[in-house]
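Working notes, structure below.
Start at 1 with the first residue, then count along the sequence.
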Amino acid sequence: MGEHAAPAALPRPRSGTEPSVRTRHAAAVVDGAPELLAVALPFLHAGLRAGDVVALTCPPEVVALLCEELGERAGRVRSDPRLSLLGARAPDVVIHARRAADEASGTGGGLLRILSLVDFGPDPADWREGLRYESASNRVMQDAPVDCLCVYDRQRLPAEVVDSATATHPQVVHDGAWTASPDYRDPAEYLSRLPWPREPLEDTTPVLALDDVPSLVTLRHELGAALAARVPDRDQREDLHLAAAEVAANAFRHGARPVSARMWTDGQRLVCRITDSGHSFADPLAGFRPAHGADLSRGGMGLWLARKLWDSVDLLPGPHGLTVRLSTRLHPA
């Protein structure tokens, strides 16, 4: 296929207008491979011409399709699943993308250009985590020199995920033109209003039920014992306990007593809820980066570790306080 013309694009903010915003994050909704190519190839060719670092974060069959169309130029394109939820959890995607963007800033184009084919996983819990990451990335990545085009293929994704694209991306691409999304919502507003339905396991009998736990030491011990009895993979068990213990510490240090905990499992999936009675926490973006940045010695890693080590982390404020709901698939022994 011949080279496509570059799409019309929104200009980058000039100094003095939005000095902290360097990232452009756009969505394109397509219906199958021909439309995917029509959107993706102009974006990739424009980046290669500009000397940008160009990366694909797509399933292998899509990488192969795009590279075939790019021909000899494919050798100048990276394939990196860790730049999206295809290959990492959200905090690790942020770290990896920022490092890649820093490296790209010293190249000819000075820009990291990412083409992502969106795939959040097989079930609604994965979809929720994906929606949350797409929205939060607009804030936690806004100062990085990145152009990211996220492609939503109706033939691959549920309608619920496709319909979210215009709300979680500041720009949309249609007929080759980049325009401001009329449906875009600020991450703080979008995340705080997302519905978080109960996990099906929460309607079963819990394997751990603690109310008004007397101390953090007690809660850590009880969580560890419950996980030891029900998580067969040792490495996963230690990871889950580390993160859950940090969430428990947050409940005692920053929340209010009483503190309670519940845990459920069916042998395939595990859900843990830790609730404190405080009402001051109101940051839906918590945990996508450490609270105190790169200086991990200052703490603030509880929710960040939870997002790194569990598949899904829901912050559920309610009339009785804040609940942190952790859920994950269990690895075989």
Side-chain angles (χ1 to χ4, degrees), residues 4-32 34-44 46-47 57-58 83-85 90 93-94 97 101 111-120 124 126-197 282-285 288:
H4 292 244
L10 291 175
R12 290 187 164 276
R14 296 180 179 178
S15 178
T17 55
E18 290 182 77
S20 65
V21 178
R22 302 175 69 190
T23 296
R24 293 193 307 170
H25 186 208
V29 176
V30 303
D31 197 348
E35 292 186 12
L36 164 65
L37 292 173
V39 167
L41 291 174
F43 177 73
L44 299 175
T57 181
C58 306
L83 288 170
S84 73
L85 297 182
V93 175
V94 172
L111 186 69
L112 174 64
R113 185 177 293 241
I114 303 171
L115 189 284
S116 172
L117 186 73
V118 171
D119 183 351
F120 294 150
D126 298 318
W127 307 343
R128 294 198 306 271
E129 201 65 25
L131 301 184
R132 188 159 32 209
Y133 169 71
E134 288 282 20
S135 179
S137 66
N138 294 301
R139 186 72 62 81
V140 299
M141 290 292 297
Q142 68 179 3
D143 60 338
V146 176
D147 270 9
C148 183
L149 175 57
C150 299
V151 180
Y152 286 67
D153 189 344
R154 295 187 187 278
Q155 295 188 15
R156 291 172 172 264
L157 299 172
E160 175 184 342
V161 172
V162 173
D163 292 344
S164 73
T166 56
T168 56
H169 293 73
Q171 291 95 35
V172 292
V173 178
H174 184 68
D175 290 335
W178 287 50
T179 59
S181 172
D183 301 322
Y184 176 67
R185 292 163 64 186
D186 181 84
E189 175 199 358
Y190 180 81
L191 294 174
S192 65
R193 296 186 180 183
L194 279 176
W196 304 123
D283 182 7
L285 289 158
F288 287 96

**Side-chain ion pair, Arg24 and Asp147, N-O less than 4.0 Å** = yes

**Fill in**
What one should report as the nearest heavy-atom pair of Ala101 and Val146 is CB-CG2, 3.7 Å

**Asked** Under 3.5 Å, is there a donor-acceptor pair between the side chain of Ser181 and the main chain of Val172?
**Response** no

**Message:** Under a 3.5 Å distance rule, please check whether Arg113 uses its side chain to pair with a backbone N or O of Phe43 as donor and acceptor.
**Reply:** yes

**Request:** Apply the test side chain to side chain contact (heavy atoms under 4.5 Å, CB included) to residues Cys58 and Leu115: give CA-CA distance (whole Å), side-chain angles for both, the deciding distance (0.1 Å), then the verdict.
**Result:** CA-CA 8 Å; Cys58 306; Leu115 189 284; 3.8 Å; yes

**Fill in**
Looking only at heavy atoms, the pair that brings Tyr152 and Val161 closest together is CE2-O, 3.6 Å

**Asked** OG1 of Thr23 to CG of Asp143: how many Å apart, nearest 0.5 Å?
**Response** 7.0 Å

**Prompt:** Looking at Thr168 and Leu131, what are the two nearest heavy atoms and their distance?
**Reply:** CG2-O, 4.0 Å

**Item:** Tyr190 side chain near Pro187 side chain, heavy-atom distance below 4.5 Å
**Value:** no

**Asked** Pick from Arg185, His169, His25: which one makes a side chain to side chain donor-acceptor pair (under 3.5 Å) with Asn138?
**Response** His25

**Request:** I would like to know whether Glu134 and Leu85 meet side chain to side chain contact (heavy atoms under 4.5 Å, CB included); could you show each step before the answer?
**Result:** CA-CA 10 Å; Glu134 288 282 20; Leu85 297 182; over 6 Å; no

**Request:** First locate atom CG of Leu83, then atom OG1 of Thr57, and finally report the distance between them rounded to the nearest 0.5 Å.
**Result:** 5.5 Å

**Complete:** For Pro197 and Pro195, the nearest pair of non-hydrogen atoms, with its separation, is CD-O, 3.4 Å

**Message:** When you compare the side chain of Tyr133 with that of Val94, does any pair of heavy atoms fall below 4.5 Å?
**Reply:** yes

**Request:** Nearest 0.5 Å please: distance from the CZ atom of Phe288 over to the CG atom of Asp283.
**Result:** 10.0 Å

**Item:** Donor-acceptor contact present, side-chain Ser135 to main-chain Arg132, <3.5 Å
**Value:** no

**Item:** 4.5 Å side-chain heavy-atom contact, Asp186 and Arg139
**Value:** yes

**Nearest-0.5 Å distance, CG of residue Leu112 to CE of residue Met141** = 7.5 Å

